[in-house]
Amino acid sequence: MQTLFVSSSLSTPRFHPFQNSHYHSFSSSPLRLTIDGFSCPSSSLFQTVRKSSTFLLSNPKISSFRVFAASVPQAQSDEPTQPSGLVQSLQLGFMFASWYLLNIYFNIYNKQVLKVYPFPATVTAFQFGFASLVINLIWTLNLHPRPNISRSKLVAILPLAVAHTLGNLLTNISLGKVAVSFTHTIKAMEPFFTVVLSSLLLGEIPTLWVLSSLLPIVGGVALASMTEVSFNWIGFSTAMASNLTNQSRNVLSKKLMANEEDALDNINLYSVITIISFFMLLPFAIFLEGVKFTPSYLQTAASQGLNVRELCIRSVLAAFCFHAYQQVSYGILEKVSPVTHSVGNCVKRVVVIVSSVIFFQTPVSPINALGTAIALVGVFLYSRAKRIKPMPKTNTA
């Protein structure tokens, strides 16, 4: 195979990437063609090149030649083939549907357990313990890499575990005292606490749009609370306190992930703080509520009408859904932006409220429904307002 070099002292070939690849424009200035070091007239060969769509010639002496810079070779990629857009959309849709269904079943089973077994600390500790077993099984089977936790990292994670423990415990206390729909209406106040804590701990100044979106959230929750049939101060205050602790955990984890060079991924961070939360809460639950899970106690409760078998089944199902929806949620967060995840979380709250009202046949007045709707619209507006970036400040001379 012999190579043809095209040289010109006046112009170079012009390649048009957005035109047909068979068309190449050349200057009309004289060209000199050199084949294996021998100069030859360019007229006949150049006409052949202009007529050839692939810039290849065949003759007894020259099997083929290439005009350099006249074509761009296709780069061979060693990257694995990515799934099509349709497959990705179907996968993401399945994950969102699973997230919502697991949340619905968790709230239903959890409420059923807390109705007949009013020991929220023990129930929460059981859920942490079940999740810890599943997490260790996942690490043992190498379904997710086991993290390496240094002493300094453990010290940094401990405040997150405390907030995680209190947040889940307070939520379960609220679910045991008031309707599921009311607890989740109060938990729509989460963006308010996020803005306040981000300003205090991270120095983030919210935009005017973000602040405006908080007004319907606060107003809607206040309207729903005033007309809630199942309202009591313990259920209301614990749900509000869970907003504070959960958002403290989220803001502190954001600060931790920004400071640590070898920061944990979201799934491992959740896994580690869940295991720590179990060991934190278990002695506290025994001290606060006593040993309420021994065979002798359950036998006594069964003699008083408690269906121990159904209690155990629903407790396990609630614990499984509790861990599974957290894992799916973090899996979704790895595939979409935080804003999209926030919008999905808003839709999830709507689904949970509506499904719990239907399942438990919770009485809802028109004003209560209006307050809940206003609060949820405010949450949606907040997630949209987070997309709007503040205008950069210009230095004026």
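With contacts defined as side-chain heavy-atom distances shorter than 4.5 Å, the pair Tyr117/Thr122 qualifies. Residues Ile332 and Lys335 form no side-chain contact, since every pair of their non-hydrogen atoms from C-beta on lies 4.5 Å or further apart. Counting only heavy atoms from C-beta outward, the side chains of Leu317 and Tyr105 never approach each other to under 4.5 Å. In this structure the side chain of Val162 never reaches within 4.5 angstrom of the side chain of Arg249, judged on heavy atoms. With contacts defined as side-chain heavy-atom distances shorter than 4.5 Å, the pair Trp99/Asn345 qualifies. At least one side-chain heavy atom of Pro191 sits less than 4.5 Å from a side-chain heavy atom of Leu214. Using a 4.5 Å heavy-atom cutoff, the side chains of Tyr325 and Leu101 are not in contact. Between Tyr270 and His164, the closest side-chain pair of non-hydrogen atoms falls below 4.5 Å.
Smallest separation of non-hydrogen atoms from Phe320 and Phe130: CA-CE2, 3.6 Å. Nearest heavy-atom pair, Thr274 versus Ser132, reported as atom, atom and distance to 0.1 Å: O-OG, 3.9 Å. For the residue pair Ala163 and Asn246, the shortest heavy atom distance occurs at O-OD1, 4.4 Å. Contact record, Ala121 with Leu169: CA-CD1, 3.5 Å, taken as the closest heavy-atom pair. Looking at every heavy atom in both residues, Val178 comes nearest to Gly235 through CG1-CA, 3.9 Å. Nearest heavy-atom pair across Gly344 and Phe96 is CA-CE2, 3.9 Å.
The OG1 atom of Thr300 lies 11.0 Å from the CG atom of Leu306; values are rounded to the nearest 0.5 Å. Interatomic distance, CG of Leu269 versus OH of Tyr330, reported as 6.5 Å (0.5 Å rounding). Atom OG of Ser315 and atom CD of Gln127 lie 8.0 Å apart (nearest 0.5 Å). One finds the CG atom of Leu244 at 10.5 Å from the OG1 atom of Thr194 (value rounded to the nearest 0.5 Å). Separating the CZ atom in Phe119 from the CD1 atom in Ile173 is a distance of 13.0 Å, to the nearest 0.5 Å. Rounding to the nearest 0.5 angstrom, the gap separating the OG atom in Ser174 from the CE atom in Met240 is 9.5 Å.
Residues Leu166 and Phe284 share a hydrophobic cluster, clusters being chains of Ile/Leu/Val/Met/Phe/Trp/Tyr side chains in contact below 4.5 Å. Residues Val155 and Val272 fall into different hydrophobic clusters, defined by Ile, Leu, Val, Met, Phe, Trp and Tyr side chains chained together at heavy-atom separations under 4.5 Å. In this structure, Val229 is not a member of the same hydrophobic cluster as Leu175, with clusters built from ILVMFWY side-chain heavy atoms closer than 4.5 Å. Linking ILVMFWY residues whenever their side-chain heavy atoms come closer than 4.5 Å, directly or via other members, places Val347 and Val180 in the same cluster. In terms of hydrophobic clustering, with Ile, Leu, Val, Met, Phe, Trp and Tyr side chains grouped at heavy-atom distances under 4.5 Å, Val251 and Leu200 are assigned to a common cluster.
Using modelled atom types, no side-chain atom of Asn110 and backbone atom of Asn172 make a donor-acceptor pair closer than 3.5 Å. A donor-acceptor contact shorter than 3.5 Å is absent between the side chain of Ser198 and the backbone of Val195. Between the side chain of Asn243 and the backbone N or O of Ile186, at least one donor-acceptor pair lies under 3.5 Å.
Residue-environment remark: NZ (Lys348) exceeds the threshold of 12 foreign heavy atoms within 6.0 Å. The neighbour count for Phe193 CZ, taken as heavy atoms of other residues, nucleotides or ligands under 6.0 Å away, is above 12. Within 6.0 Å of CH2 in Trp139 there are more than 12 heavy atoms belonging to other residues, nucleotides or ligands. By the 6.0 Å contact criterion, CD1 on Ile234 is open, its count of non-hydrogen atoms from other residues, nucleotides or ligands being 12 or less.
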*Before giving the answer on side-chain contact (heavy atoms from CB on, under 4.5 Å), spell out for Tyr100 and Val352 the whole-Å C-alpha distance, their side-chain angles and the decisive distance to 0.1 Å.*
CA-CA 8 Å; Tyr100 296 164; Val352 169; over 6 Å; no
_Test side chain to side chain donor-acceptor pair (under 3.5 Å) on Asn107 and Ser356; report intermediate values, then the result._
CA-CA 8 Å; Asn107 282 278; Ser356 65; over 6 Å; no
*Check against side-chain contact (heavy atoms from CB on, under 4.5 Å), Leu298 and Arg309*: CA-CA 10 Å; Leu298 294 177; Arg309 181 176 178 273; over 6 Å; no
_Using the rule given for side-chain contact (heavy atoms from CB on, under 4.5 Å), can you reason through Ser212 versus Leu208, listing the C-alpha separation, both sets of side-chain angles and the distance that settles it, and then say yes or no?_
CA-CA 6 Å; Ser212 300; Leu208 178 62; 4.2 Å; yes
*Given Phe182 and Ser225, is the side-chain contact (heavy atoms from CB on, under 4.5 Å) satisfied, shown in steps?*
CA-CA 8 Å; Phe182 184 51; Ser225 300; 3.6 Å; yes
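The salt bridge (charged side-chain N to carboxylate O under 4.0 Å, His left out) contacts involving residues 181-195 comprise Lys187-Glu190, Glu190-Arg349, where partners must be two or more places apart or lie in separate chains. Evaluation of the salt bridge (charged side-chain N to carboxylate O under 4.0 Å, His left out) test over residues 202-225, restricted to residues two or more places apart or in two chains, returns Glu204-Lys254.
Here the options are Thr140, Val134, Asn142, Ile135, the test is side chain to side chain contact (heavy atoms under 4.5 Å, CB included), and the partner is Ile138; only Val134 passes.
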Without placing hydrogens or testing angles, list every side-chain donor-acceptor pair under 3.5 Å for residues 358-370, not counting sequence neighbours.
from: Ser365; atom 1: OG; to: Asn368; atom 2: N; distance (Å): 3.2
from: Asn368; atom 1: ND2; to: Ala224; atom 2: O; distance (Å): 2.9
from: Asn368; atom 1: ND2; to: Glu228; atom 2: OE1; distance (Å): 3.3

Only pairs under 3.5 Å count here: list side-chain donor-acceptor contacts from residues 275-283, not counting sequence neighbours, and write none if there are none.
from: Ser277; atom 1: OG; to: Ala161; atom 2: O; distance (Å): 3.3
from: Ser277; atom 1: OG; to: Thr165; atom 2: OG1; distance (Å): 2.8
from: Ser277; atom 1: OG; to: Ile273; atom 2: O; distance (Å): 2.6

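Evaluation of the side-chain hydrogen bond (donor to acceptor under 3.5 Å, both in side chains) rule for Thr238 yields no partner, not counting sequence neighbours. For Glu310, the salt bridge (charged side-chain N to carboxylate O under 4.0 Å, His left out) partners are Arg314, not counting sequence neighbours.
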